Engineer: 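Here it is, the structure, as structure tokens.
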There are 2 protein chains.
Amino acid sequence: MSKISKPNNCISCPYKWKYLNLLKDDDIISIQNSCTIINFKKGETICKQGTDATHALYLAKGTVKLYIEGKKNLILKLIKAGEYIDLQTLFGDKSYKYSVAAMDDTMVCMINSDMLRSLAKENPKYLFELTKSISNSSNYVYKKVSDISRKQLRGRLADTILYLKNEIFNSDEFDIGMTRKELAELSSMSMENAVRILSEFKKDEILSIEGKKFKILQPSILQKLSDIG
Amino acid sequence: MSKISKPNNCISCPYKWKYLNLLKDDDIISIQNSCTIINFKKGETICKQGTDATHALYLAKGTVKLYIEGKKNLILKLIKAGEYIDLQTLFGDKSYKYSVAAMDDTMVCMINSDMLRSLAKENPKYLFELTKSISNSSNYVYKKVSDISRKQLRGRLADTILYLKNEIFNSDEFDIGMTRKELAELSSMSMENAVRILSEFKKDEILSIEGKKFKILQPSILQKLSDIG
DNA sequence: CAATATCATTGATATTTAACAATAAAACTA
DNA sequence: TAGTTTTATTGTTAAATATCAATGATATTG
């Protein structure tokens with residue numbers, strides 16, 4: 001199960017948010033005192049769609065998936081360490097519009113929402129960075145909805161592989177760290193179709209696949225598939 | 001063509017944003033001096049996907065559609081008077097991720113981005129409201145992407161009709177003010193299928209349709225269709 | 001007001017995608 | 001390590017959806 005603890009020193013924490021020091025030291029201490037650190041193991045749920053947010057979630061270590069639940073799940077994005085998992089629930093409607101689960105062992109700092117909001121109100125520079133972050137994450141979803149609604153299977157799977165390459169692993173070679181089902185949920189398609197298209201990509205030597213180890217052999221073709229849709 | 005003018009008095013303007021007065025009068029005057037008012041006619045483009053934003057766009061009068069262009073367009077939402085059309089481009093990446101066009105005769109206030117950003121930085125209460133607005137509009141898109149990826153034709157069209165009822169016209173009876181093609185683009189489907197399903201709804205007496213005049217006869221069935229997906 | 005263009009409607013057909021099914025491979029567990 | 005469950009793969013079939021085509025209705029324009 002998830003392990004709970006308290007932070008020692010946020011100011012000198014190596015995992016702190018890069019804009020944390022826009023706050024005064026006193027304010028950082030307030031955050032530290034209100035903060036609870038929770039360690040999650042792979043697969044554990046960090047927050048649940050439909051419930052109300054009482055804390056802001058900062059991802060200090062690990063990677064999580066943010067997904068919308070239903071008959072079939074849709075993974076909207078992966079979030080890497082160093083970012084707030086969810087900010088629009090802090091400033092907008094309080095109920096989570098999605099669930100979040102750990103993709104590997106993660107460390108999450110939970111900060112009381114009311115406290116963080118009032119700190120933000122008094123520290124416009126900090127708030128400004130939070131707002132930039134929400135804006136860019138919003139832009140990402142706009143792109144996602146457009147891709148999903150317009151592209152078909154091949155284009156969508158190419159999108160996902162390029163996303164892993166460019167945004168998550170920053171490399172042409174990586175262990176996807178997820179099942180085929182999750183890869184499909186990230187591409188909004190059935191698992192069988194994801195597997196089938198992966199086989200095609202392999203046969204066409206666009207990709208080399210060894211279980212969960214992917215190596216992109218022809219990124220330009222993937223890009224073209226993504227562009228064509 | 002679009003008609004350009006300057007504002008007389010933002011402070012007493014009946015169309016002003018409801019949180020404008022969180023700014024000091026001096027700041028409002030700064031906005032007023034930098035502001036250009038543009039009147040658009042139905043169909044005219046207000047901003048174009050791919051270009052860089054130099055101004056924040058406030059919709060004082062009229063209704064606009066925000067849509068992503070491609071081989072087929074996807075209308076993400078309609079925006080009514082009294083809201084900023086676009087805020088994430090003010091705080092996030094500067095390039096428009098979508099186009100915006102007038103659905104009827106509209107009045108748009110264009111405010112220099114740099115100026116508004118620096119005002120926001122010095123007026124946390126104002127910035128806070130902008131952030132709330134971005135957050136909620138982001139939440140809307142999360143719902144949209146989930147609906148589009150999961151529901152099928154009937155569910156999606158029911159969504160759209162309920163959206164018009166609840167969010168746009170606040171009535172069971174309204175003139176949709178758009179073509180069947182736009183209705184389809186708002187529901188992410190082909191125009192023919194939108195028409196076909198409308199005919200079904202009419203036959204099943206869920207809806208009464210007279211050209212562009214819709215009357216919802218059985219909202220509960222629409223809701224059920226939306227829920228089933 | 002006739003001519004023209006746009007929009008709406010319906011049917012037929014083709015394409016895309018998911019669901020189902022059977023088996024193989026891999027990972028986990030006692 | 002044998003047994004069990006989960007995950008991956010491929011083929012087959014069914015369902016969902018888009019496209020094409022033909023026609024009628026409505027709006028627009030000179």
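All figures in this text were calculated on a predicted structure; none of them were measured in a lab. Sequence lines set the chain letters: A, B, ... in the order given, protein chains first and strands last, and positions in each chain run from 1.
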Engineer: Verify side-chain contact (heavy atoms from CB on, under 4.5 Å) between A:His55 and A:Thr36, making sure each step is shown before the conclusion.
Structural biologist: CA-CA 10 Å; A:His55 292 77; A:Thr36 307; 5.6 Å; no
Engineer: To the nearest angstrom, how far is A:Ile176 atom CD1 from C:dA26 atom C1'?
Structural biologist: 14 Å
Engineer: Quick check on C:dT9: is either OP1 or OP2 less than 4.0 Å from any side-chain nitrogen or oxygen of B:Arg180?
Structural biologist: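 Yes.
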Engineer: Start at the 5' end of DNA chain C and walk down; is the nucleotide closest to A:Lys151 or to A:Lys212 reached first?
Structural biologist: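 With A:Lys151 and A:Lys212 compared, the 5'-side residue is A:Lys151.
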Engineer: Any side-chain N or O of B:Ser199 under 4.0 Å from OP1/OP2 of C:dT10?
Structural biologist: yes
Engineer: If you look only at pairs with a residue in residues 156-175 of chain B, which of them pass as a salt bridge (Lys or Arg N to Asp or Glu O under 4.0 Å), with sequence neighbours excluded?
Structural biologist: B:Lys151-B:Asp159, B:Lys165-B:Asp172, B:Asp175-B:Lys213
Engineer: Decide, yes or no, whether a salt bridge links B:Lys181 with B:Glu185 under the criterion of side-chain N to carboxylate O below 4.0 Å.
Structural biologist: yes
Engineer: Check each of A:Phe174, A:Phe169, A:Phe201 against A:Phe214 using the side-chain contact (heavy atoms from CB on, under 4.5 Å) test, and report the only one that passes.
Structural biologist: A:Phe174
Engineer: Between C:dA8, C:dT17, C:dT10, which nucleotide gets closest to the side-chain atoms of A:Gln152?
Structural biologist: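 Ranking C:dA8, C:dT17, C:dT10 by closest atom to the A:Gln152 side chain puts C:dT17 first.
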Engineer: Between A:Lys42 (NZ) and C:dA27 (P), how many Å, whole number?
Structural biologist: 12 Å
Engineer: Check every nucleotide of DNA chain D for an atom under 4.0 Å from a heavy-atom of chain B, then give the first and the last such nucleotide from 5' to 3'.
Structural biologist: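 Footprint of chain B along DNA chain D, 5' to 3': D:dA16 to D:dC20.
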Engineer: Hey, what do you get for CG (A:Leu90) to OG (B:Ser135), rounding to the nearest 0.5 Å?
Structural biologist: 8.0 Å
Engineer: Quick one: A:Asp175 CG to C:dA26 P, roughly how many Å, whole number?
Structural biologist: 15 Å
Engineer: For residues A:Leu164 and A:Leu183, determine if any side-chain heavy atom of one lies less than 4.5 Å from a side-chain heavy atom of the other.
Structural biologist: yes
Engineer: Pull out every residue in residues 62-79 of chain A that has a heavy atom closer than 4.0 Å to any atom of DNA chain D, ordered by number, or say none.
Structural biologist: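 Listed by number, there are none.
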Engineer: For A:Leu153 and C:dT15, give me the distance from atom CG to atom P, rounded to whole Å.
Structural biologist: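 My rounded result for the distance is 16 Å.
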Engineer: Taking atom P of C:dT16 as reference, at what distance in whole Å does atom CD of A:Glu200 sit?
Structural biologist: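 After rounding, the reported distance stands at 12 Å.
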Engineer: Touch check for B:Ser190, heavy atoms < 4.0 angstrom, all strands: base, sugar-phosphate only, or nothing?
Structural biologist: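 Base, at least one base heavy atom under 4.0 Å.
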Engineer: Measure from the side-chain heavy atoms of A:Glu192 and tell me the nearest of C:dA21, C:dT17, C:dA8.
Structural biologist: C:dA21
Engineer: Can you say whether the rings of B:Tyr142 and A:Tyr98 are parallel (under 30°), tilted (30 to 60°) or perpendicular (over 60°)?
Structural biologist: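 Aromatic pair B:Tyr142/A:Tyr98 classed tilted.
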Engineer: Over how many whole Å does the gap from A:Lys181 atom NZ to C:dA19 atom P extend?
Structural biologist: 12 Å
Engineer: Roughly how many Å is it from CD1 in A:Ile197 to P in C:dT17, rounded to a whole number?
Structural biologist: 8 Å
Engineer: Can you tell me the distance, in whole Å, between the CE atom of A:Met189 and the P atom of C:dT16?
Structural biologist: 14 Å
Engineer: What is the distance from atom CD of B:Gln32 to atom SG of B:Cys10, rounded to the nearest 0.5 Å?
Structural biologist: 4.5 Å
Engineer: Kindly assign one of parallel, tilted or perpendicular to the pair B:Tyr140 and B:Tyr163, based on the angle between their ring planes and the thresholds 30° and 60°.
Structural biologist: tilted
